[in-house]
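Scroll down for the structure; my scribbles are underneath it.
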Amino acid sequence: MRNLKSVRRIRAKINGTAERPRLCLSLSLKHARAQLINDIDGKVIASISTESSKDLAGKSMTKKVEWLASQIADLGKKAKVKSVVFDRGGKIYHGRVKAFAEEARAKGLEF
């Protein structure tokens, strides 16, 4: 319940546009997903998941998230996206979320 309140509070303030889409991170116990979303048009610009790669089997979740950040940054570059709004999904900016954000910044996304 507390996480749902946090998600709604954050989502009310964050809105993705065509020039600056929302970078949404979803974490589960085994996998992670990242999407670049244009909320105005209601379209997903790019999407990737750790489920799509067999190379990540047996690796730590932090390594999976870092891989995911580099891949979504590459997909963003192909879609000509430089700047994004980071939606951490109600999670605390710590650990895996922080690793994802730092890797995405290192690969060229600005937020």
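When reading the values below, keep in mind they use all heavy atoms of this one structure, side chains included, and skip hydrogens, waters and symmetry mates.
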Next on the checklist: I'd like to know whether K64 forms a side chain to side chain contact (heavy atoms under 4.5 Å, CB included) with L68, so could you lay out the CA-CA distance, the side-chain angles of the two residues, the decisive distance to 0.1 Å, and finally the verdict.
Outcome noted: CA-CA 6 Å; K64 289 179 182 180; L68 187 72; over 6 Å; no
Item to check | T62 side chain reached by E66 side chain, heavy atoms, under 4.5 Å | outcome: yes
Checklist entry - Heavy atoms, side chains only, cut-off 4.5 Å: are L25 and V97 in contact? => result yes
Next on the checklist: What I'd like to find out is whether the side chain of L23 reaches to under 4.5 Å of the side chain of L109, using heavy atoms alone.
Outcome noted: yes
Item to check | Inter- and intrachain pairs under side-chain hydrogen bond (donor to acceptor under 3.5 Å, both in side chains), touching residues 69-83, at least two apart | outcome: R20-S83
Item to check | Which atom of Y93 lies closest to which atom of R105, heavy atoms considered | outcome: OH-NH1, 3.1 Å
Item to check | Cluster check I40, F111: I/L/V/M/F/W/Y, side chain < 4.5 angstrom | outcome: no
Checklist entry - Looking only at heavy atoms, what is the nearest atom pair of T50 and W67, with distance? => result CA-CZ3, 4.1 Å
Checklist entry - Side-chain contact, heavy-atom cut-off 4.5 Å: S26 with C24? => result yes
Next on the checklist: Does E51 form a salt bridge (charged side-chain N to carboxylate O under 4.0 Å, His left out) with R33? I'd like the steps, not just the answer.
Outcome noted: CA-CA 8 Å; E51 294 171 304; R33 277 174 219 87; 3.7 Å; yes
Checklist entry - Quick one: are V81 and P21 in side-chain contact, heavy atoms under 4.5 Å? => result yes
Next on the checklist: I want to check something: taking the side chain as every heavy atom from C-beta on, are L27 and M61 in contact at a cut-off of under 4.5 Å?
Outcome noted: yes
Next on the checklist: Starting from I72, can I reach I37 by hopping between I/L/V/M/F/W/Y residues whose side chains sit under 4.5 Å apart?
Outcome noted: no
Checklist entry - With side chains defined as the heavy atoms from C-beta onward, is the minimum distance between L36 and L75 less than 4.5 Å? => result no
Checklist entry - Is the shortest heavy-atom distance from the side chain of I10 to the side chain of D87 under 4.5 Å? => result yes
Item to check | Rounded distance (nearest 0.5 Å) linking atom NZ of K13 with atom CZ of R8 | outcome: 15.0 Å
Checklist entry - So, S49 side chain and S52 main chain: donor-acceptor pair closer than 3.5 Å or not? => result no
Next on the checklist: Given the ring of F86, does R22 sit roughly above its face, with NZ or CZ under 6.0 Å from the centre of the six-membered ring and within 45° of the axis?
Outcome noted: no
